[in-house]
Amino acid sequence: MSPNTSADSKPTHGDGADNTLRAWRTGIDTYQEPVVYMRRDCAVCRSEGFTTQARVQLTAGSGSIVATLSVVDGPWLGHGIAGLSEAAWASLRPQPGEWLTVSHAPVLDSLSHVRAKVYGNRLDVGAFRAVIGDIAAGRYSDLHLATFITACAGDRLDLDETVSLTRAMIDVGERLDWGRDRVVDKHCVGGLPGNRTTLLVVPIVAACGLTMPKTSSRAITSPAGTADTMEVLAPVDLDIAAMRRTVERTGACIVWGGSVRLSPADDILIRVERPLDLDSEGQLVASVLSKKAAAGSTHVLIDLPVGPTAKVRSAEAAQTLGHRLVEVGRAIGLQVALRVTDGLQPVGRGIGPALEARDVLAVLRRQADAPDDLRQRALRLAGDILELGGAAPEGSGLRLATEVLADGRAWSKFAAICEAQGGLRDVPLASHRRIVEAPSGGRITAIDNRVLSRAAKLAGAPKAPAAGVDVHARLGDIVQPGQPLFTLHAQAPGELAYARRYIETRPPIFQISELS
């Protein structure tokens with residue numbers, strides 16, 4: 001139950017209104033949405049007419065945030081108390097028991113633009129700037145965010161609107177300047193488990209003298225994001241000053257984008273967009289390119305994996321998305337290049353932070369058992385970036401990338417980046433494992449990337465870094481009955497059992513056809 005507090009040092013107001021409550025940290029995780037809990041019989045609720053889902057402004061000293069109200073009927077919240085969720089507490093940063101002033105949130109004029117978009121109207125750059133400005137300032141609830149995301153989903157943003165949205169997202173945040181003519185970056189549109197080429201591409205490219213300040217995301221619905229995998233090996237929660245020091249020392253970094261808060265509105269939108277699982281080409285383009293521009297990049301390579309269970313399902317869809325990426329990039333001053341890649345099956349063997357980190361280290365250290373598909377994919381992407389950034393003549397980037405990996409320069413550079421970010425760590429191992437075997441013999445003709453990723457997540461990834469899936473078979477392989485297809489890794493027996501039950505209730509992840 002919340003503490004029973006007295007009214008010492010209570011602030012006074014010129015109009016005589018009593019709209020103050022004591023701050024109490026509830027410990028409730030509402031993810032990134034600030035939530036405040038107030039009793040239904042609270043004098044402030046009654047006098048202001050507050051009801052559940054109301055948007056209220058909380059002020060403590062010189063700090064102020066807007067939060068979503070949840071009304072409490074039970075006895076766990078004391079009288080005169082405003083319970084703050086973890087997100088609200090982190091944003092407002094009050095002292096325990098500090099008096100908060102509670103008032104109605106300001107009216108959001110930008111919501112008129114959201115309503116206009118719901119009804120199919122086009123928005124200009126001024127409208128997008130108003131909406132994105134309020135989003136970045138934390139003035140939109142998750143309901144408002146979901147409405148805006150839905151209104152822009154599908155094909156509801158044309159090219160001009162996508163450019164305007166991208167510019168608005170850049171304008172509300174900081175834009176880094178590295179003082180160099182060419183700063184390179186890469187991005188994969190996703191949907192392919194195990195595709196951790198970034199951790200190989202960055203050291204190869206940096207070892208050739210190019211600048212590559214890589215900001216990456218954590219997983220939201222996948223079993224691992226690039227930042228999750230890198231965090232197994234080195235700290236990624238760096239601020240901008242630490243990021244700059246790392247890049248100045250090594251020419252590159254691999255950090256979590258959320259810690260440096262470049263294009264901050266994008267982080268807020270992604271938080272709601274991913275669980276909705278809406279396919280929005282315009283928002284994807286704005287998300288990717290706003291962050292690249294904010295990070296100070298000038299030349300960007302986009303990896304477009306194509307496959308029936310990848311994010312991009314067909315060559316035609318890749319062409320359409322690629323065209324928009326190039327055109328929007330040109331409009332905001334980025335040179336964008338594309339590489340369409342195979343998205344039919346997982347990359348490497350590991351799916352999950354530690355298992356993917358193991359694969360990356362095996363490639364960098366030139367181990368005999370390193371997954372060759374991960375190695376070859378990373379070398380092709382690194383070669384493209386070396387040519388794009390002017391470090392290699394056209395047609396010779398792949399050869400240079402291969403040499404840098406083979407002679408150990410890539411491994412030395414990666415170790416230096418890890419050291420600059422806080423030190424190279426050992427890869428953890430899962431304590432519970434379960435092998436899943438082929439039910440019949442034949443040739444593997446298809447692999448369901450989505451179900452395999454789901455199984456890795458149910459096993460505990462990415463929150464449990466050592467959890468995930470180790471893949472033993474590839475497309476085209478001939479397998480015998482009882483031959484291992486993949487191994488589940490978990491750090492708790494309950495999660496291992498949960499992932500196994502999920503697999504048993506699904507159609508086969510590996511399609512096996514009889515040999516003719």
Side-chain angles (χ1 to χ4, degrees), residues 188-197 219 221-225 274 277 279 303-322 339-352 355-356 359 369-378 380-381 433-459 461-462 467-489 496 498-516:
C188 177
V189 299
L192 198 58
N195 193 20
R196 287 301 152 248
T197 55
T221 59
S222 65
R274 293 273 179 88
D277 196 23
D279 183 15
D303 177 13
L304 298 166
V306 177
T309 56
K311 183 175 289 187
V312 182
R313 307 290 179 83
S314 66
E316 293 76 17
Q319 183 177 16
T320 300
L321 177 58
R339 176 170 280 276
V340 177
T341 55
D342 175 16
L344 295 176
Q345 61 183 328
V347 180
R349 290 190 293 270
I351 302 172
L355 296 170
E356 293 172 12
D359 286 353
D369 61 347
D372 191 58
D373 62 328
L374 175 62
R375 177 180 180 273
Q376 296 299 332
R377 184 182 290 258
R380 287 193 297 271
L381 294 171
R433 301 180 187 183
R434 175 76 180 188
I435 296 174
V436 177
E437 300 171 343
S440 60
R443 187 184 304 276
I444 297 175
T445 56
I447 301 175
D448 193 321
N449 291 317
R450 293 186 175 187
V451 176
L452 204 56
S453 293
R454 178 67 174 163
K457 199 171 180 193
L458 290 174
V469 170
D470 224 0
V471 180
H472 308 305
R474 313 288 301 171
L475 282 176
D477 286 356
I478 297 174
V479 296
Q480 302 300 321
Q483 182 174 330
L485 295 176
F486 60 92
T487 300
L488 292 168
H489 292 242
L496 184 68
Y498 192 23
R500 181 187 173 190
R501 286 197 299 270
Y502 169 76
I503 292 168
E504 292 171 348
T505 62
R506 304 292 300 180
I509 297 175
F510 287 71
Q511 295 293 326
I512 301 174
S513 299
E514 293 183 4
L515 297 175
S516 56

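Scanning all heavy atoms of the two residues, the minimum distance from Arg313 to Pro308 falls at CD-O, 3.3 Å. Of all heavy-atom pairs spanning Val306 and Ala318, the tightest one is CG2-CB, 3.7 Å. Between Arg349 and Asp359 the shortest heavy-atom distance is N-OD2, 2.9 Å. Across every non-hydrogen atom of Ala461 and Gly352, the tightest pair is CB-CA, 4.2 Å. Residue Gly348 comes nearest to Pro371 through the heavy atom pair CA-CB, 3.7 Å, listed as atom of the first residue, atom of the second, then distance.
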Pairs under 3.5 angstrom only: tabulate donor-acceptor contacts from the side chains of residues 475-488 to other protein residues two or more places apart or in another chain.
unit_1: Asp477; atom_1: OD2; unit_2: Arg474; atom_2: N; d: 2.8
unit_1: Gln483; atom_1: OE1; unit_2: Gln480; atom_2: N; d: 3.0
unit_1: Thr487; atom_1: OG1; unit_2: His472; atom_2: NE2; d: 2.6

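In this structure the side chain of Asn195 never reaches within 4.5 angstrom of the side chain of Thr341, judged on heavy atoms. Residues Pro346 and Pro193 are in side-chain contact: their nearest non-hydrogen atoms beyond the backbone lie under 4.5 Å apart. Side-chain contact check for Ile512 versus Pro439: some heavy-atom pair is nearer than 4.5 Å. Within the 4.5 Å cutoff, the side chain of Pro305 has no heavy atoms near those of the Leu344 side chain.
Residue Phe510 holds its CZ atom at 10.0 Å from CG of Asp448, rounded to the nearest 0.5 Å. A distance of 4.0 Å separates CD1 in Ile351 from CG in Leu452, rounded to the nearest 0.5 Å. If you take CG on Asp470 and CG on Leu355, they are separated by 5.0 Å, rounding to the nearest 0.5 Å. The line from SG of Cys188 to CZ of Arg377 is 7.5 Å long, rounded to the nearest 0.5 Å. From Leu458, atom CG reaches atom CZ of Arg500 across 14.5 Å, with rounding to the nearest 0.5 Å. Between atom CG of residue Leu192 and atom NZ of residue Lys311 there is a gap of 11.5 Å, rounded to the nearest 0.5 Å.
The 12-atom threshold is not exceeded at OH of Tyr498, counting heavy atoms of other residues, nucleotides or ligands nearer than 6.0 Å. Other residues, nucleotides and ligands contribute over 12 non-hydrogen atoms within 6.0 Å of the CD atom of Glu504. Within 6.0 Å of CD in Gln511 there are more than 12 heavy atoms belonging to other residues, nucleotides or ligands.
A donor-acceptor pair is defined here as one N or O able to donate and one able to accept, closer than 3.5 Å; such a pair exists between the side chain of Asn449 and the backbone of Gly343. Not a single donor-acceptor pair under 3.5 Å links the side chain of Asp373 to the backbone N or O of Val347. Without hydrogens or angle criteria, Arg196 side chain to Ala224 main chain gives a donor-acceptor distance under 3.5 Å.
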